[in-house]
Amino acid sequence: MKKILAVAAAVTMSLAMGSLVACGNNPTGKGGVEVYESIELTEETYAFAINKENDALTESVNEILSEMIADGSLESLVNSYFDGTATFTYENKTSSPAEGDFVVATNAYFPPFEYYEGNQLTGIDIEIGSIIANKLGKTLYVADMDFDAIIPAVMTNQADIGMAGMTVTDTRLESVDFAMGYYSSAQVLTVKKGDTTFADCKTVADVEAVIAQQTASFIIGTQNGTTGYMYSAGDADFGYDGFKNVQTKGYPTGALAMQDLVNGRINAVILDKQPSLMIAKNLNK
Ligand code: ARG
């Protein structure tokens with residue numbers, strides 16, 4: 001009798017595991033994620049990257065941003081992307097930039113700063129880019145590329161400006177200038193919904209202590225070349241030792257890291273706060 005029960009239990013268990021696996025492979029991202037949004041792991045300022053030789057552009061951009069801060073239009077522009085009332089969209093007029101275009105280098109998988117709605121680009125940075133282009137009397141051209149290609153593009157004048165929710169860091173300041181800061185942000189942790197590993201965490205120290213307890217099979221997903229990667233893997237110039245006991249995995253976009261989290265391939269994602277919340281909202285739909 002006992003044995004039969006045990007067999008029945010084993011069957012139920014493997015069925016349950018089978019359905020778990022099926023659920024984990026669901027490409028639509030069912031199952032969801034949970035963002036620890038109130039625990040800000042870093043303190044960061046976003047600014048636009050400009051070639052060190054192009055002081056005139058840095059000055060113009062700072063003037064335009066100062067005006068937008070003074071008249072409140074920057075704040076309402078930013079807010080419109082948080083409350084869903086933004087209407088601005090953009091599509092390049094040509095397949096490559098024309099001479100004299102205002103070329104914005106970005107990585108457009110970072111909502112609400114830059115992302116696609118169908119074929120149209122939108123987001124805080126893209127809309128500010130169009131305002132700057134207008135004021136300069138130029139046509140906007142958005143060059144979407146890998147995040148770690150943006151600074152090289154600005155340095156080689158293949159782009160006029162990097163607008164990509166980019167954090168000002170000492171290392172980047174060696175390669176490019178930054179216009180004035182326009183947004184404050186932070187890295188945050190995301191786990192799969194129902195994962196209780198970090199459930200008792202209230203502070204940064206709590207999160208870091210729990211990560212420090214994990215083993216090498218614990219994988220943190222981040223976007224390549226970003227401050228999230230630097231925080232997780234360690235970067236002396238950015239001021240973080242990183243977590244040497246776990247693996248940090250770099251993805252081409254934060255959204256791909258989140259997708260792997262939903263699919264159970266990694267244990268956590270460390271990504272900028274607003275993009276984490278936006279991507280999570282889409283995955284949790
Ligand atoms: N703020 C982070 C950094 O500067 C991430 C930026 C990612 N931006 C993007 N458009 N994908 O490293």
Side-chain angles (χ1 to χ4, degrees), residues 35 37 40-50 78 81 86 90 103-117 120-130 140-155 159-190 220-240 242 248-260 268-280 282:
V35 183
E37 61 176 298
E40 302 195 335
L41 301 170
T42 58
E43 261 180 50
E44 304 181 23
T45 300
Y46 292 171
F48 304 134
I50 298 171
V78 168
Y81 285 90
Y90 173 79
V103 181
V104 171
T106 196
N107 170 256
Y109 299 88
F110 199 68
F113 292 89
E114 41 268 338
Y115 57 104
Y116 285 95
E117 262 177 20
Q120 301 276 313
L121 283 154
T122 184
I124 294 166
D125 290 334
I126 310 296
E127 186 165 352
I128 298 174
S130 85
L140 175 66
Y141 184 91
V142 178
D144 184 12
M145 58 186 72
D146 285 342
F147 183 75
D148 43 22
I150 296 172
I151 287 182
V154 170
M155 290 175 77
D160 293 293
I161 191 166
M163 302 182 76
M166 189 181 281
T167 302
V168 180
T169 71
D170 290 344
T171 314
R172 290 173 182 165
L173 277 166
E174 288 169 16
S175 309
V176 287
D177 281 346
F178 281 97
M180 63 195 289
Y182 67 99
Y183 194 80
S184 303
S185 188
Q187 299 301 309
V188 294
L189 175 87
T190 301
I220 300 175
T222 64
Q223 184 180 12
N224 284 325
T226 65
T227 47
Y229 187 96
M230 296 172 206
Y231 170 79
S232 184
D235 183 287
D237 287 330
F238 190 49
Y240 291 94
T248 298
K249 186 166 179 200
Y251 288 85
T253 69
L256 286 172
M258 287 283 198
Q259 194 61 61
D260 256 8
V269 167
I270 292 178
L271 183 71
D272 300 53
K273 181 169 176 171
Q274 299 304 338
S276 296
L277 289 169
M278 290 280 208
I279 296 168
N282 283 334

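For ligands, and for the atoms within them, numbers begin at 1 and follow the listed sequence. Fair warning: this is a prediction, and the values are worked out from it, not measured in the lab.
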Taking side chain to side chain donor-acceptor pair (under 3.5 Å) as the test, write out the residues that go with Glu114, two or more places apart. Thr106
Checking side chain to side chain donor-acceptor pair (under 3.5 Å) for the pair Gln223/Tyr109: CA distance, chi angles, key distance, verdict? CA-CA 10 Å; Gln223 184 180 12; Tyr109 299 88; over 6 Å; no
Can you list the steps and then say if Tyr182 with Val78 is a side chain to side chain contact (heavy atoms under 4.5 Å, CB included)? CA-CA 10 Å; Tyr182 67 99; Val78 168; 5.7 Å; no
Taking the ring of Tyr46 and the ring of Phe113, is the distance between their centroids below 6.0 Å? yes
Heavy atoms under 4.0 Å from ligand 1: which residues qualify? Glu44, Tyr46, Asn107, Phe110, Glu114, Phe147, Ala164, Gly165, Met166, Thr167, Arg172, Gln223, Thr226, Thr227, Asp272
Applying side-chain hydrogen bond (donor to acceptor under 3.5 Å, both in side chains) between Tyr251 and each of Thr226, Asn224, Asp260, report the one that passes. Asp260
Could you please spell out the steps behind the side chain to side chain donor-acceptor pair (under 3.5 Å) verdict for Glu37 and Ser276? CA-CA 8 Å; Glu37 61 176 298; Ser276 296; over 6 Å; no
